[in-house]
Asker: 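Before anything else, here's the structure in question.
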Amino acid sequence: MSGFDCDVAIIGAGPSGIAAATALSKAGVRDIVVYEREAEIGGIPRHIHHPTFGLLVFKRPISGTKFIKALLKRCSNVRFETNTTVTALRAGGVLDIAAPDGNRRIRARHIILATGARETPRHPRLISGLRPIGVTTTGALQQFLYGARLRPFRRAVIVGTELVSFTALCTLRKAGIKPVAMIEENRRITAYRPLVLFARLMGVPIYTNTRITGISGREVLNQITVESPGSGTRHVDCDGLIFSGNFVGENTIARTSHLQHNQSTQIPQTDQNWLSSDPAISVIGNALHPADMGDQCYQEGLIAGTFVADLLVEKVSPTGAIMIVNHDATIKMTTPNIVRQQGDGDVRLNISLHVTRPYTGPISVTCGEQILYLKTRRCMPARRITLKNIKLTASQFETMSDLRISLGKPH
Amino acid sequence: MAANPSQETNLPSQTALMWDVIVIGGGVVGCAITRRFALAGAKTLLLERGGDILSGASKANSAILHTGFDAPPDSLELACMQAGYREYLDINERLNLPVLKTGALVVAWNDAQLAQLDGILTKAHNNGVNDARMIGQTALLSREPNLSRDALAAVEVPGEYVIDPWSAPLAYLTQAVGAGAQYRFDTEVLSGEFDGSFWQLSAAGQTFAGRFVINCTGTNGDNIEQICRKPAFEIRPRKGQFLVYDKTAAGLINSIILPVPTPTTKGVVLTRTAFGNLLLGPTAEEQEDRWNAPVERDILQGLIEKGVSMLPDLPQHEITATYAGLRPATQFKDYQISAEAGKNWVGVNGIRSTGLTAALGIAAHVEHLLMETFPGITRFGPAKTPTWPRMPMLAEAEPRAYQQGDGSEIICHCERVTRREIEQAMSGVVPAESLGGLRRRTRVMMGRCNGFYCSARVAELSSKGKISPPLAEDRDQ
């Protein structure tokens, strides 16, 4: 084939992008380039100094910075271009690229989007109050402290109790910033319950069943107001407010492209082999399932990269009938969110999902009248739930029905 | 920025630090008036209590350049809006300011509103907006296919446009500075004395002497007016809350979608912004506080409901920002602009929600009023030949710095702001001296991530400028 600038262009150098590059390179694909818009490789883990990485990949806990270094050691014959932004994704494997040394348009035989996730910040949460300096997110805080070596405030409140919220707690302590309190809207924390003890040992109160109802300070944050059914309204003095977790996929490039998206989640349609509606484009990592662990993203990227390598030598076919995966509103998203038949055969797949509120009970996967999966599961928000070994037959693809995932018994 | 003003003057008995005109208040109106007098040859000083221009009412509006089709007939507001509209379109290209020629549709959503469209059309024609016309449901929905089917008909006003509400006033002040004007931020005027020839204004521990004072203090207008006279009006701040949707939502509409107005408010508008977003708002809420405008969750949720009733696909799009502004309304409908003949004072008050459109027209009116009221002044000095500063282009539809390849990396990924743009905004003729000023000059941190990706880099870069208060302190100290 001619007219291509590279074999595979990967957008995003976080764990999943690095993994895809590694797998492609190992499979013998020659010309692989990873575009990273930040100055440094590594995505979100690059600024995380706590040992919340490595358990799956290296069988031991290591920090995010070390995790990335270790991953890069396994990745050779790959070109990384930092400070390089992909500004548009087009049909035919075309990317528009902006970089300090000039803008250009390139064409790749295959593109992999690995653009990651970000936390939901203040404004989309519709938090009442003024707009002072000092309101931020965990990701931004870590970049302040570890990237720029700047301290944005002295006394901070953390909103949220996901695992990432507790890394924010550690980050504050390490930087000499006083964690004043953690605030959780629900009755229990989102992360594993023992972390309550961890916060207590640090002397940080967790206010559950509590909402933030006000932000004060004309220029610089000086106080927040919180409200709970039990204790009413109270004011908390602080000059920092960290909105943690509630991750959303950073799908900007996909959203403004020709790719199809899931109607309810607006996540790019992606099949069980991470191919999007355009079979020359894959989507992987936390852009699809905000936000799983870095290790999980890495493992997924390896499998997705291997599939792309097979695709490039035409060992597998990218075409086939497509079935949409629908789900209840209490399911945040599923991965995959479409299933694509390979030729005219059956398909076996795993489906992972996140829930929006705690749930214990049956989960079912149905196709028309047929029940493909029914098991009792315990689900917590912000954690991956995997439904394993679901089989779709060729005749089910012919019925043109959707796949339906429900919390509760099938109707 | 504290150099002595020019020695050149034709007014007698002035010392080097004597200003011809002191403008109080650096909103869009104050900036336009400063420009007007500076270009007319007056030694002009602008005093602003905030850390940047546009710290009050002017920082939050719907960014529409209005034709005046629905303004009160024969009002000063209408005259200033139409003069301002014309002058903006006359100068915007030379200042590199964008115009998004969307047109507007005043949409009727029920029979009662439908019955009012004829009156709106007649008023538009009477106001000289002759290209306004009625369009029926079929034409309306083919032009705006994403609108709810409840839309019945509309008055189309082709001349309603969208502009950049922050770069325009910055351009006015930048051009004024090019003509010799000066400005002071963080300088709140507390009192003043008039000795029969000159005003001595006290602000930020200093005294500023000027021959004429022009009060453009927006929501503080009646308080500042007390320095000269008993105000004939009372400021009744009216809060407006807005929601900004992500750039993916801008394609949902082609035109500005206006409601049929009620006696108290123009109502909730849906409009694209020059920056490529979709804007929903404002509310209209009376409040006492002159200075602080918090957003409120319940009100924002009500706004969203209102928006969804007009655009059912809205929930598929991310909200990127919420904000609130205060309009300096008074008990009167019209602007409250008047000169105090014996005291060399002009009050420019009650500029409600049309100030962005009208500012240049108000400036021309105020200059005329001053010359008329004080006939001894025929001119201040030789009129300046204007220089035309080219503003950084922030509009989505126009080539941005990153697209032209300015040789530096993108720092703010949501709004695609380059490092060089940030550096230049802190070193220009009117450099950013606050985070708000930096955001308005570049759009940095204004996008969907609210600074998740870029705020640390922005803090790092801004520590090389004069940004106050700083975003962060050195961690190792």
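Here is how names work: the chains are called A, B, and so on, in the same order as the sequence lines, proteins then strands, and each is numbered from 1.
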Asker: Using non-hydrogen atoms and a 4.5 Å limit, figure out which bit of A:A98 sits close to chain B: side chain, backbone, both or neither.
Answerer: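 For A:A98, the side chain is the part near chain B, not the backbone.
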Asker: Tell me, out of A:V248, A:L145, A:T213, who's got the most heavy-atom pairs with chain B below 4.5 Å.
Answerer: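 Ranked by heavy-atom pairs under 4.5 Å with chain B, first place is A:L145.
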Asker: Taking all atoms of both residues into account, what is the closest heavy-atom pair of A:P152 and B:A472, and its distance?
Answerer: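 Heavy-atom minimum between the residues: CA-CB, 3.7 Å.
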Asker: I'd like to check B:Y323 versus A:H123 (side-chain heavy atoms, cut-off strictly below 4.5 Å). Are they in contact?
Answerer: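 No, side chains not in contact.
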Asker: In terms of heavy-atom pairs under 4.5 Å with chain A, which of B:L243, B:L435, B:L471, B:N292 leads?
Answerer: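 Counting heavy-atom pairs under 4.5 Å, the top option is B:N292.
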Asker: For chain B, find which of A:V220, A:L141, A:T252, A:T256 contributes the most heavy-atom pairs closer than 4.5 angstrom.
Answerer: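 Looking at each of A:V220, A:L141, A:T252, A:T256 in turn, A:T252 comes out on top.
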Asker: With only heavy atoms counted, which part of A:R131 is less than 4.5 Å from chain B, the side chain, the backbone, both or neither?
Answerer: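 Contact with chain B is through the side chain of A:R131 alone.
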Asker: Which region of A:T87, side chain (C-beta onward) or backbone (N, CA, C, O), has a non-hydrogen atom less than 4.5 Å from a non-hydrogen atom of chain B, or is it both or neither?
Answerer: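 Both backbone and side chain.
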Asker: What I want to check is whether the side chains of B:H413 and A:E250 have a donor and an acceptor closer together than 3.5 Å.
Answerer: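 Short answer, no.
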Asker: What's the verdict on side chain to side chain contact (heavy atoms under 4.5 Å, CB included) for A:L150 and B:E473, showing C-alpha distance, side-chain angles and the deciding distance?
Answerer: CA-CA 5 Å; A:L150 292 169; B:E473 57 188 10; over 6 Å; no
Asker: Over all heavy atoms of both residues, which pair between A:G139 and B:F452 is shortest? Give the atoms and the distance, please.
Answerer: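 So the two residues come closest at CA-CE1, 3.5 Å.
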Asker: To the nearest 0.5 Å, how far apart are CZ in A:R255 and NE2 in B:H317?
Answerer: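 These two atoms lie 5.5 Å from each other.
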Asker: Working to the nearest 0.5 angstrom, can you tell me the gap between A:N251 CG and B:T248 OG1?
Answerer: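 It comes to 11.0 Å.
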Asker: If you look at every heavy atom in B:L300 and A:L126, which pair is closest and at what distance?
Answerer: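 Heavy atoms of B:L300 and A:L126 come nearest at CD1-CD2, 4.1 Å.
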Asker: Under 4.5 Å from any heavy atom of chain B, what part of A:R211 do you find: side chain, backbone, both or neither?
Answerer: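 Looking at A:R211, just its side chain touches chain B.
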Asker: Compare every heavy atom of A:I133 with every heavy atom of B:P469, then report the nearest pair and how far apart it is.
Answerer: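 Result for this residue pair: O-CD1, 3.7 Å.
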Asker: For A:T136, is there any backbone N or O sitting under 3.5 Å from a side-chain donor or acceptor partner on B:N450?
Answerer: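 Not confirmed, B:N450 side chain does not pair with A:T136 backbone.
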Asker: In terms of heavy-atom proximity below 4.5 Å to chain A, should B:T320 be classed as side chain, backbone, both, or neither?
Answerer: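 It is the backbone, since no side chain atom gets that close.
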Asker: Counting only non-hydrogen atoms closer than 4.5 Å, does A:I44 touch chain B with its backbone (N, CA, C, O), its side chain (CB onward), both, or neither?
Answerer: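 Contact with chain B is through the side chain of A:I44 alone.
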Asker: Where does B:R448 contact chain A at under 4.5 Å (heavy atoms): side chain, backbone, both or neither?
Answerer: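 When you check distances to chain A, atoms from both the backbone and side chain of B:R448 fall under 4.5 Å.
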Asker: Count the heavy atoms of every other residue, nucleotide or ligand shown that sit under 6.0 Å from CD of B:E286, and state whether that count exceeds 12.
Answerer: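 Count over threshold, so yes.
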Asker: What part of A:Q143 is in contact with chain B, defined as an atom under 4.5 angstrom from a non-hydrogen atom: side chain, backbone, both or neither?
Answerer: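 Its backbone and side chain both get close to chain B.
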Asker: So which part of B:A324 gets closer than 4.5 Å to some heavy atom of chain A, the side chain, the backbone, both or neither?
Answerer: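 Neither; nothing under 4.5 Å.
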Asker: Less than 6.0 angstrom from the centroid, inside 45 degrees of the normal: does B:R457 satisfy that with respect to the ring of A:F144?
Answerer: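 Because its charged atom misses either the 6.0 Å distance or the 45° angle limit, B:R457 does not stack over A:F144.
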Asker: Which one, B:S455, B:G51, B:G405, leads in non-hydrogen pairs under 4.5 Å with chain A?
Answerer: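 Between B:S455, B:G51, B:G405, the count favours B:S455.
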Asker: Which bit of B:S408 is near chain A, if near means a heavy-atom gap under 4.5 Å: side chain, backbone, both or neither?
Answerer: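 Only the backbone of B:S408 comes within 4.5 Å of chain A.
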Asker: If we define contacts as heavy-atom pairs under 4.5 Å, which of A:P100, A:A140, A:A175, A:P124 has the most with chain B?
Answerer: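 Most pairs with chain B among the choices: A:P100.
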Asker: Under a 4.5 Å heavy-atom cut-off, does chain B meet the side chain of A:N83, its backbone, both or neither?
Answerer: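 When you check distances to chain B, atoms from both the backbone and side chain of A:N83 fall under 4.5 Å.
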Asker: Would you say CZ of A:R173 has more than 12 non-hydrogen atoms from neighbouring residues, nucleotides or ligands within 6.0 angstrom?
Answerer: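 Open: at most 12 neighbouring heavy atoms sit under 6.0 Å from CZ of A:R173.
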Asker: Please identify, among B:S463, B:A459, B:C454, the residue contributing the most non-hydrogen atom pairs under 4.5 Å to chain A.
Answerer: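 Of the options given, most contacts go to B:A459.
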Asker: If I compare all heavy atoms of B:R475 with all of A:R151, which pair ends up nearest, and what's the gap?
Answerer: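 Result for this residue pair: O-NH2, 3.7 Å.
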Asker: Give a yes or no on this: more than 12 heavy atoms of other residues, nucleotides or ligands lie within 6.0 Å of atom CD of A:Q263.
Answerer: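 No.
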Asker: For the interface with chain B, which of A:R118, A:R122, A:H261 has the highest count of heavy-atom pairs at distances below 4.5 Å?
Answerer: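 Winner by heavy-atom pair count: A:R118.
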Asker: Give, as side chain, backbone, both or neither, the part of B:I304 having an atom under 4.5 angstrom from any heavy atom of chain A.
Answerer: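 Just its side chain gets close to chain A.
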Asker: Which value, rounded to the nearest 0.5 Å, describes the distance between A:D101 atom CG and B:E409 atom CD?
Answerer: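 Taking CG in A:D101 and CD in B:E409, the distance rounds to 11.5 Å.
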Asker: Regarding B:E318 and A:R125, does a basic nitrogen lie under 4.0 Å from an acidic carboxylate oxygen?
Answerer: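 A:R125 and B:E318: not salt-bridged.
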Asker: Is the shortest distance from a Lys or Arg side-chain nitrogen in A:R149 or B:E460 to a carboxylate oxygen in the other one below 4.0 Å?
Answerer: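 A salt bridge is absent here (no side-chain N lies under 4.0 Å from a carboxylate O).
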Asker: Which bit of A:L130 is near chain B, if near means a heavy-atom gap under 4.5 Å: side chain, backbone, both or neither?
Answerer: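 The answer is both parts of A:L130.
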Asker: At their closest point, which heavy atom of B:C449 faces which heavy atom of A:P121, and how far apart are they?
Answerer: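 In this case the closest contact between B:C449 and A:P121 is O-CG, 3.6 Å.
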Asker: So, taking the atom named CD1 in B:I411 and the one named CD in A:E38, what distance separates them when rounded to the nearest 0.5 Å?
Answerer: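 Between B:I411 CD1 and A:E38 CD, I get 8.0 Å after rounding to 0.5 Å.
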